[in-house]
Protein chains: 4
Amino acid sequence: MAEETISKVSSSRDERRDRRFQRQRSEIMDAAARKFADQGYAATTTKEIADAAYMGESTLYGYFPGKRDILEAILAHEAEEMDALLVQFGKIDDRDSFVDLLDRIMKRFFTHLSYTRTVVAEAWVSDEIMKDFVLSRAHQISSLISTFISEKVHSGVFRPIDADIATRILLGTFFGMMLPVLRGVEPPPDPARCRTLAETFVWVLLDGVAVVRKD
Amino acid sequence: MAEETISKVSSSRDERRDRRFQRQRSEIMDAAARKFADQGYAATTTKEIADAAYMGESTLYGYFPGKRDILEAILAHEAEEMDALLVQFGKIDDRDSFVDLLDRIMKRFFTHLSYTRTVVAEAWVSDEIMKDFVLSRAHQISSLISTFISEKVHSGVFRPIDADIATRILLGTFFGMMLPVLRGVEPPPDPARCRTLAETFVWVLLDGVAVVRKD
Amino acid sequence: MAEETISKVSSSRDERRDRRFQRQRSEIMDAAARKFADQGYAATTTKEIADAAYMGESTLYGYFPGKRDILEAILAHEAEEMDALLVQFGKIDDRDSFVDLLDRIMKRFFTHLSYTRTVVAEAWVSDEIMKDFVLSRAHQISSLISTFISEKVHSGVFRPIDADIATRILLGTFFGMMLPVLRGVEPPPDPARCRTLAETFVWVLLDGVAVVRKD
Amino acid sequence: MAEETISKVSSSRDERRDRRFQRQRSEIMDAAARKFADQGYAATTTKEIADAAYMGESTLYGYFPGKRDILEAILAHEAEEMDALLVQFGKIDDRDSFVDLLDRIMKRFFTHLSYTRTVVAEAWVSDEIMKDFVLSRAHQISSLISTFISEKVHSGVFRPIDADIATRILLGTFFGMMLPVLRGVEPPPDPARCRTLAETFVWVLLDGVAVVRKD
DNA sequence: AATGAATGAGTTTTCATTCAT
DNA sequence: AATGAATGAAAACTCATTCAT
């Protein structure tokens with residue numbers, strides 16, 4: 001409402017129309033993401049998407065050329081958000097900044113759960129999506145972390161571990177830890193617990209669980 | 001039993017028929033699992049399954065009542081195999097037996113990659129499958145591991161870590177580590193590397209990666 | 001009610017839509033009844049129904065969940081109409097009202113010939129339909145007529161005939177008399193001839209054909 | 001068994017083979033007639049026929065060129081039997097011979113119930129069958145009866161009734177009377193009751209039910 | 001701009017018939 | 001001769017997209 005009051009002053013008819021158009025697009029994407037997350041893209045009908053977005057079926061086609069394009073818009077949107085977080089990885093230099101970034105990534109995933117679930121579901125069954133939306137970003141993250149670990153090993157902070165294997169384990173562990181929530185079998189943790197999880201994760205990663213060191 | 005002894009030498013017509021029937025069923029399940037793994041159940045047509053199994057489409061229906069039943073046979077088959085491995089978890093008592101079991105589980109997954117991928121893909125989008133085929137087993141594994149860790153903590157071998165969190169991290173890590181292979185973005189490791197991975201995993205899990213202990 | 005008063009003048013969009021929906025449903029039921037009457041339910045394809053209703057095949061499914069449901073709608077519709085005529089049987093008290101009711105039943109059958117033929121055809125091969133749509137009504141009619149005859153016998157108007165046998169013969173005769181028209185091997189009689197048939201039937205029923213009485 | 005003993009003497013291998021062939025054909029026709037009577041031709045699968053005849057599905061094709069031909073064999077068989085009874089109609093000259101023929105026709109119908117039901121079911125939905133197997137015979141019967149009635153009217157035994165209408169009512173009544181048994185909603189009457197029915201039918205037909213004559 | 005209705009292209013499934021043994 | 005298995009043709013049904021209002 002406040003927005004509208006402002007817009008009367010600052011926005012032309014075209015701008016308002018465009019804003020409305022974008023809002024409707026988002027509505028559709030949200031509804032679609034919820035259904036895709038629950039049933040997968042292929043098993044979701046346009047009727048279901050329309051119903052979930054409180055629209056007629058054919059209205060969708062005023063905002064997207066086809067069903068496939070809704071999926072792609074969702075993927076592209078996620079990609080964008082991820083890219084924004086990705087640049088932060090280059091700035092990790094200590095435990096705290098590491099924990100901090102993990103914390104923010106988790107929160108991002110959990111507040112857009114259905115988007116993330118959709119990406120995972122479709123990347124799992126489509127090589128193209130896996131390549132374009134997931135692998136390309138995973139590779140960047142990997143090399144950033146790998147570099148980070150290599151440096152720590154070189155400077156003697158870490159034991160002489162293979163950086164690539166460690167990276168994989170790190171990413172796998174992180175992703176695996178979030179799986180139950182992503183999948184929806186557990187409710188997303190509240191912000192405080194999110195932080196705890198990030199801390200525990202870094203703690204275990206760096207120190208292991210055993211009291212007696214074997215080396 | 002007597003019948004079986006005889007059949008080893010001169011299998012009766014019924015036995016040969018039954019054997020052929022089972023072979024064909026497997027052929028179909030293999031073909032279907034390959035397609036389901038690649039495209040997901042919903043996006044795979046019965047025509048594609050039939051083609052992949054070098055059969056006419058209608059031939060499928062002599063072996064399964066419907067498309068859905070092929071999926072269920074695959075899931076049930078995997079469940080059975082997993083249950084067989086599951087009982088081994090209770091017998092873990094030292095590093096070696098732990099490494100050994102992880103090694104065998106990985107090998108099982110990798111030699112039946114498309115079956116495992118199918119289970120993951122469908123469990124991701126179906127609550128029922130998740131519950132019946134994955135969660136029920138995951139819970140068993142979890143409590144076995146949790147007990148194992150609790151004991152180690154109690155006897156002072158492990159640091160005083162929360163057993164449930166540790167279990168989740170362990171499972172998440174293991175599963176996350178295998179993801180790229182399960183997903184098919186990396187070729188399955190050869191047997192030797194499989195063992196190395198299992199060892200590295202246990203090593204990192206128990207000891208962490210940092211040289212300097214923080215506690 | 002108030003709503004209806006308004007609608008008579010300016011029917012709302014919803015009402016027009018609903019009216020159109022019902023009209024289309026009837027169109028489909030009519031077309032289907034024609035085909036079912038000619039070929040039987042099992043031998044009629046949904047394509048044929050659609051063609052007969054001047055629609056695309058898939059359009060049918062916007063009005064009925066499946067082929068079977070079209071049949072059931074036809075049967076239910078007939079059942080309703082029959083029930084409306086059925087209550088009249090209780091009011092028969094003399095020759096004229098009897099002739100009158102038979103006349104109206106015949107006319108109803110003949111103006112909805114394909115519906116009636118469909119009911120007969122399917123009741124002939126389905127125990128369930130026979131029971132639910134035919135027998136349940138036939139029993140009501142039977143007991144009404146049986147009571148009527150018993151009374152006439154008791155009051156000495158009829159010879160001492162067994163009421164149940166007489167009822168069966170009566171119904172059988174009436175139905176048998178209409179069979180050629182129902183079956184479509186003869187054109188439906190015009191209204192005047194309808195009345196004559198009803199009269200002749202009652203005449204023969206009550207008086208027989210022989211001049212010389214045998215009792 | 002006795003037959004076989006005889007056949008060893010009097011029949012060549014070819015004759016025995018042929019006899020066996022005919023026996024199998026009958027087995028199939030019986031099984032098929034049962035299914036056709038219960039479900040209709042179109043709704044019956046060759047698998048069901050084969051099962052009912054305790055054979056493999058493909059065995060049918062050693063005895064009939066196709067499913068349709070089994071139906072036609074059943075119809076032709078019934079036609080033959082009916083034709084044999086038909087010639088008797090010309091010989092009716094008094095009440096007793098009339099009752100006698102009706103009695104025999106009923107018995108024939110009831111001992112081959114599934115054959116008769118099949119004829120009725122398919123004649124109801126196929127103009128060709130109706131014409132070739134039913135109407136052609138019904139017309140013969142009609143004209144025989146019509147002649148019979150005309151003569152009785154002419155000789156003053158019957159009231160001056162329209163012979164064609166009377167014939168139709170007669171046939172309709174008879175057929176209608178048998179319907180519940182033909183349809184299978186009532187068990188076939190035992191031989192004694194069969195005779196009673198035939199007698200009652202003739203009685204009502206000739207004399208009506210009313211005590212007071214209206215003419 | 002929004003939408004219910006219509007539909008062609010495609011999907012799952014059935015089944016009469018043929019094939020291989 | 002008998003039969004289980006295989007299959008092409010066709011059936012019922014689905015759904016993304018277009019049309020008419």
Side-chain angles (χ1 to χ4, degrees), chain A residues 17 20-21 24 41-51 53-70, chain B residues 13-14 16-18 20-21 23-25 42-50 53-70, chain C residues 13-14 16-18 20-21 23-25 42-50 53-70, chain D residues 17 20-21 24 41-51 53-70:
Chain A
R17 183 181 298 155
R20 181 175 155 69
F21 184 81
Q24 287 279 65
Y41 170 79
T44 302
T45 67
T46 49
K47 180 79 168 61
E48 287 173 323
I49 298 170
D51 285 350
Y54 303 104
M55 295 173 182
E57 206 178 347
S58 49
T59 306
L60 299 177
Y61 291 83
Y63 297 91
F64 293 94
K67 183 187 166 190
R68 181 84 199 170
D69 301 276
I70 303 177
Chain B
R13 186 164 305 142
D14 276 6
R16 262 176 295 154
R17 183 184 301 155
D18 193 56
R20 185 179 152 72
F21 184 81
R23 204 186 327 127
Q24 287 281 68
R25 255 180 87 93
T44 302
T45 68
T46 49
K47 179 80 168 60
E48 286 172 325
I49 298 170
Y54 303 104
M55 291 172 183
E57 205 176 346
S58 50
T59 305
L60 299 178
Y61 292 85
Y63 296 91
F64 293 94
K67 183 187 166 191
R68 180 85 198 169
D69 301 275
I70 303 178
Chain C
R13 183 164 308 141
D14 276 7
R16 263 177 293 155
R17 183 184 301 153
D18 193 55
R20 185 181 153 71
F21 183 82
R23 205 185 327 128
Q24 287 280 68
R25 256 180 85 93
T44 303
T45 69
T46 50
K47 179 79 168 61
E48 286 172 325
I49 298 171
Y54 303 103
M55 292 172 184
E57 203 177 346
S58 51
T59 305
L60 299 178
Y61 292 86
Y63 296 91
F64 293 94
K67 182 187 167 190
R68 180 85 198 170
D69 301 275
I70 303 178
Chain D
R17 184 183 297 157
R20 181 176 157 68
F21 184 82
Q24 286 279 66
Y41 170 78
T44 302
T45 68
T46 49
K47 179 79 169 62
E48 286 172 324
I49 298 171
D51 286 350
Y54 303 104
M55 294 172 182
E57 206 177 346
S58 50
T59 305
L60 300 178
Y61 290 83
Y63 297 90
F64 293 94
K67 183 188 166 191
R68 179 84 200 172
D69 302 277
I70 303 177

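First the proteins, then the strands, lettered A, B, ... as listed; each starts at 1. Values reported hereafter were calculated over all heavy atoms of this structure, with side chains retained and with hydrogens, waters and symmetry mates removed. Because the structure is predicted, anything quoted here is derived from the model rather than measured.
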Spacing between B:I70 atom CD1 and E:dT13 atom C1', to the nearest angstrom: 12 Å
Heavy-atom closest contact (A:T46 atom, A:L60 atom, distance): O-CD1, 3.6 Å
Separation of A:I49 CD1 from A:T44 OG1 (nearest 0.5 Å): 6.0 Å
Integer-rounded Å distance: F:dG4 C1' and B:D18 CG: 13 Å
Sugar-phosphate only, base, or nothing, as touched by A:R20 at under 4.0 Å among non-hydrogen atoms: sugar-phosphate
Gap between atoms CD and C1', on C:E57 and E:dA5 respectively (whole Å): 17 Å
Least distance between heavy atoms, C:M55 atom then C:Q24 atom: CE-OE1, 3.5 Å
DNA chain E-proximal residues of residues 60-68 of chain D, any heavy atom under 4.0 Å: D:Y61, D:G66, D:K67
Closest-nucleotide ordering on DNA chain E, the 5'-leading residue of D:T45 and A:M55: A:M55
Separation of atom NZ in C:K47 from atom C1' in F:dA9, rounded to whole Å: 15 Å
Under-4.0 Å side-chain N/O to phosphate OP1/OP2 contact, D:T59 with F:dT3: yes
Atom pair OG1/CZ of B:T59 and B:F64 - distance to nearest 0.5 Å: 13.0 Å
Terminal helix-axis angle for the helix from E:dA2-F:dT21 to E:dT21-F:dA2, with five pairs defining each axis and rounding to 10 degrees: 10°
Value in whole Å for how far the P atom of E:dT3 lies from CZ of C:R16: 17 Å
Integer-rounded Å distance: E:dA6 P and C:R17 CZ: 12 Å
Test: D:R68 cationic atom under 6.0 Å from D:Y41 six-membered ring centre, within 45° of axis: yes
Taking only N/O atoms, report every protein-nucleotides 19-21 of chain F pair under 3.5 Å with atom names and distance.
none

Under-4.0 Å side-chain N/O to phosphate OP1/OP2 contact, B:T46 with E:dT12: yes
Nearest heavy atoms of C:R25 and C:Y63, plus distance in Å: NH1-O, 3.2 Å
B:D14 CG to B:R16 CZ distance, which is reported to the nearest 0.5 Å: 9.5 Å
Which atom of A:A50 lies closest to which atom of A:E57, heavy atoms considered: CB-CA, 3.6 Å
Presence of D:Q24 side-chain N/O under 4.0 Å of F:dA1 phosphate oxygens OP1/OP2: no
Distance in angstrom units between B:E48 CD and E:dT11 P, rounded: 8 Å
Atom-to-atom span, OH of C:Y54 to P of E:dA6 - whole angstrom: 16 Å
C:K67 NZ/CZ over C:Y61 ring centroid, <6.0 Å and within 45° of normal: no
